[in-house]
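Encoded as structure tokens, here's the structure I'll be asking about.
By convention in this document, chain letters (A, B, ...) are assigned in the order of the sequence lines, proteins followed by strands, and residues within each chain are numbered from 1.
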Amino acid sequence: MQDYLEGLNDAQRSAVVETDGPSLVIAGAGSGKTRVLTFRIAHLLQQGVKPYRVLALTFTNKAAREMKERIGSVVGQGIAGSLWMGTFHSIFARILRFESKHLGYPSSFTIYDTQDSKNLIKSIVKRMKLNEKAYKPGSVLSRISAAKNDLVTPVVYARDVNRTAHDKASQMPMIYEIYAQYMKECYKSGAMDFDDLLLNTNILFRDFPDVLKKYQDQFDYVMVDEYQDTNYSQYLIIKKLAEKHQNICVVGDDAQSIYSFRGAKIENILNFRNDYPGYKLFKLEQNYRSSQNIVNAANSIIAKNKGQIQKNVFSANDEGSRVRVLKAYSDVEEGFLITNDIFERRMKEHCEYKDFAILYRTNAQSRVFEEALRKKNLPYKIYGGLSFYQRKEIKDLLAYFRLTINPADQEALKRVINYPARGIGKTTMDKLTAAADNSDQSLWNVLINPNIAQLGINAGTQKKLASFVALIAQFKAQLENLSAYELAAEIASASGIMKDLHNDKSIEGQGRIDNIDELLNGIKEFTETRQEEGEPAQLVNFLEDVALLTDQDNEKGDDINKVTLMTIHSAKGLEFKNVYIVGVEEGLFPATQSTDSEKNLEEERRLFYVAVTRAETNATISFARSRYKYGELTYSRPSRFIGDIDQAFLDINPEDFVGNERPQPSFRKPMGAQSSPTLKPRIRMNYRSSGAGAEKPKLKFQSSNTNGLQAGMKVEHERFGVGEVISIEGVDPNVKATVRFVNAGQKQLLLKFAKLKILN
DNA sequence: CCTACATACACGGGA
DNA sequence: TGTATGTAGG
């Protein structure tokens, strides 16, 4: 019965069975954290704790789903299904829907995504007649978001000297007022943004002690995964909920804290000891995932950071291969190098596609890898970037759903009132918006107000508005009697979206129809599953889920055996046999914006640590000397992080690091400090002092005079790398050379344009 | 009011 | 490079 305890090491077992009182589980990378969490919960359930009395918070839906699954296999799926397990946002959205009346919100409130928020901010900036150049919606939103995560309301914000001074310094002194109006507009629209879900939960618990008490009583056990990534708002919710029973267990790794940009406070995990003085500490230090070389390389990286919880992560696996470093001439060549390597390694080592992951710092880097993989016919899946739910046609249809459920939702209304085109243009919208602002009503209320005739809108347009209102009302009337799928299909056609898309005969147009079909199929599946389970399956229920979904949540069956492309951020918690960390260059990783402060740089280094520790047997790091940024060719040098890895664990070609290509170490050795064994001199070879800390090196490519170029010669190209000349043809000035590049394939180059260096 | 084209701006990560 | 916005002409 307790055989699940068998395969655990001592530290893991203690963390599983010592369930009472506050516990801090420090879980090094790959140390079996998920196992501990799942077994701990399973253990509680086996001890007779009721599942609905356990609250378990994760950072992704996927993590929650997988854990539920695994717990279910121990205690039965029915029991596991009644756990309060999910992301912060989904759990508290659920509580807020239930308690919404206390806050004056409809229980079917809309959840605004980032784009909705930005659009709303933009319209507020316009209305306030502020300089739209200075008040960029994204910047304003991140200020507002930061305030909300710190539980700073607009009134407090206005008095907060630090914040207002910061805003003045960045030419946006009026943010406090935008914030106030933003909140008001959201409320008017019956909408909450992501941060509101947490902020409003705090307000709910603060202002309605009875409600707080209800949940405090209910949750005997509170568990939090990835605690290092919680922000203040989340921290306080947890603290309040665990206050009564004090059975709080938080799991995390300070070395993997990588979300400070969205308000995460690494201090939360560092200060746990102060919040719960009688806490028990469990340290999971054995890494079961990676080879010794990978763990050691990762340790040597993180050792460069200060202020960590002391721990000794080790691996008892094979020593394994060293961390390889590859140099490419260009982003394109980097793509070829990596895909070739995947191709060959898969053959040689009999790996599967799913054993490979390409991890990058920014989503924009994915394109060249996509192209290279496509050319080589390697199947891949790509995460992030434009997710399914952010495609225009999907957002359009979802906006109709939103509006049907919550007509006050202004962002949804603005999106579809004239899509498909029905002759309601800017002039009309301006009049309606003005009326809404003046009367402090939602746009919808203006539309359904009989006084609309007095707004100076011509009769024809009034008719169009009336038929739009009727259309939505007609959908709304069917909310109760139709299933999610039935109503969704009805809306897709009756709204005119389908017809509009069918008018577009282009390939993209066909793709959009396919996407809509896919969405409808998804809704159909949702409907049928829910109906089978006896759960409500109406459009409201679907929409409740969809706002908090991420694209990692709808992996399809045919997506399983493919090469994975994702940002390092989204790779956290995952593992792959072979990991390629690409674009490890100054200015990209670490990002330029992160090099201004030690704090930012340390987070960036933790990100690098996360990247390396994703690998089980092979980790490969690559950098390109040139790459396109904003469509412009830029030059870069290898990241200082490469120099942070102890050389003993690196497999590096010395010739790749000549002169100022040598990665600069992050730190000079402090004066007087003795050299630690893991801090040996970095890359020794071809060492030529280039004045560390000098400004950007000019890596200008030196091309040769190609007049005497002949077949058989070896040449080097700025972006394509090294190759051999196959043939020369044509007459001056149109001499054309055919060159076969080692990594970029065969190219025909006009010599008057191509910059080639003759190598022999 | 709509469409087509030109120009400006963007890339730091995400629930 | 791609997307969002502005403008001219229909």
A/M192 CE to B/dA15 C1', in whole Å, measures 15 Å
Taking it one step at a time, do A/Y187 and A/Y105 satisfy ring-ring contact (aromatic ring centres under 6.0 Å, His included)? CA-CA 7 Å; A/Y187 184 77; A/Y105 266 92; 5.3 Å; yes
Between A/E370 and A/Y380, a side-chain donor and acceptor under 3.5 Å: yes
Separation of B/dA15 atom C1' from A/L57 atom CG, nearest Å, is 13 Å
Rounded to whole Å, the CD-C1' distance (A/Q390 to B/dG13) equals 14 Å
Is the phosphate of B/dG14 approached by A/T567 (side-chain N or O, under 4.0 Å from OP1 or OP2)?
yes
A/H89 atom NE2 is separated from B/dG14 atom C1', nearest whole Å, by 9 Å
note: A/K392, atom NZ; C/dA4, atom P; distance rounded to Å ~ 10 Å
Go through A/R512 and A/D396 one step at a time and tell me if the salt bridge (Lys or Arg N to Asp or Glu O under 4.0 Å) criterion holds. CA-CA 11 Å; A/R512 289 192 198 102; A/D396 289 336; over 6 Å; no
Rounded to whole Å, CD1 of A/I91 lies from P of B/dA15 at a distance of 16 Å
Separation of B/dA15 atom C1' from A/N231 atom CG, nearest Å, is 11 Å
Sequence neighbours excluded, the answer for side-chain contact (heavy atoms from CB on, under 4.5 Å) partners of A/D514 is A/Q510
*Can a donor-acceptor pair be found between the side chains of A/D195 and A/S145 at a distance below 3.5 Å?*
yes
query = Closer than 4.0 Å, any side-chain N/O of A/S90 to the OP1 or OP2 of B/dA15?
reply = no
List every contact pair, protein side and nucleotides 7-12 of chain B side both N or O, where the distance is under 3.5 Å.
unit_1, atom_1, unit_2, atom_2, d
B/dG12, OP1, A/Q593, NE2, 2.4
B/dG12, OP2, A/Q593, NE2, 2.9
B/dG12, N1, A/S594, OG, 3.3
B/dG12, N2, A/R361, NH1, 3.1
B/dG12, N2, A/R361, NH2, 3.4
B/dG12, N2, A/S594, OG, 2.9
B/dG12, N2, A/E604, OE1, 2.9
B/dG12, N3, A/R361, NH2, 3.2

From CG of A/D331 across to C1' of C/dT1 the rounded distance in Å is 11 Å
Which of A/N231, A/T230, A/D254 passes side chain to side chain donor-acceptor pair (under 3.5 Å) with A/N268? It is A/T230
inquiry  = What contact category does A/N418 fall into here, base, sugar-phosphate, or nothing, at under 4.0 angstrom with non-hydrogen atoms?
reply    = sugar-phosphate
The single option from A/F59, A/F194, A/Y235, A/Y227 that satisfies ring pair (Phe, Tyr, Trp, His ring centres under 6.0 Å) with A/F88 is A/F59
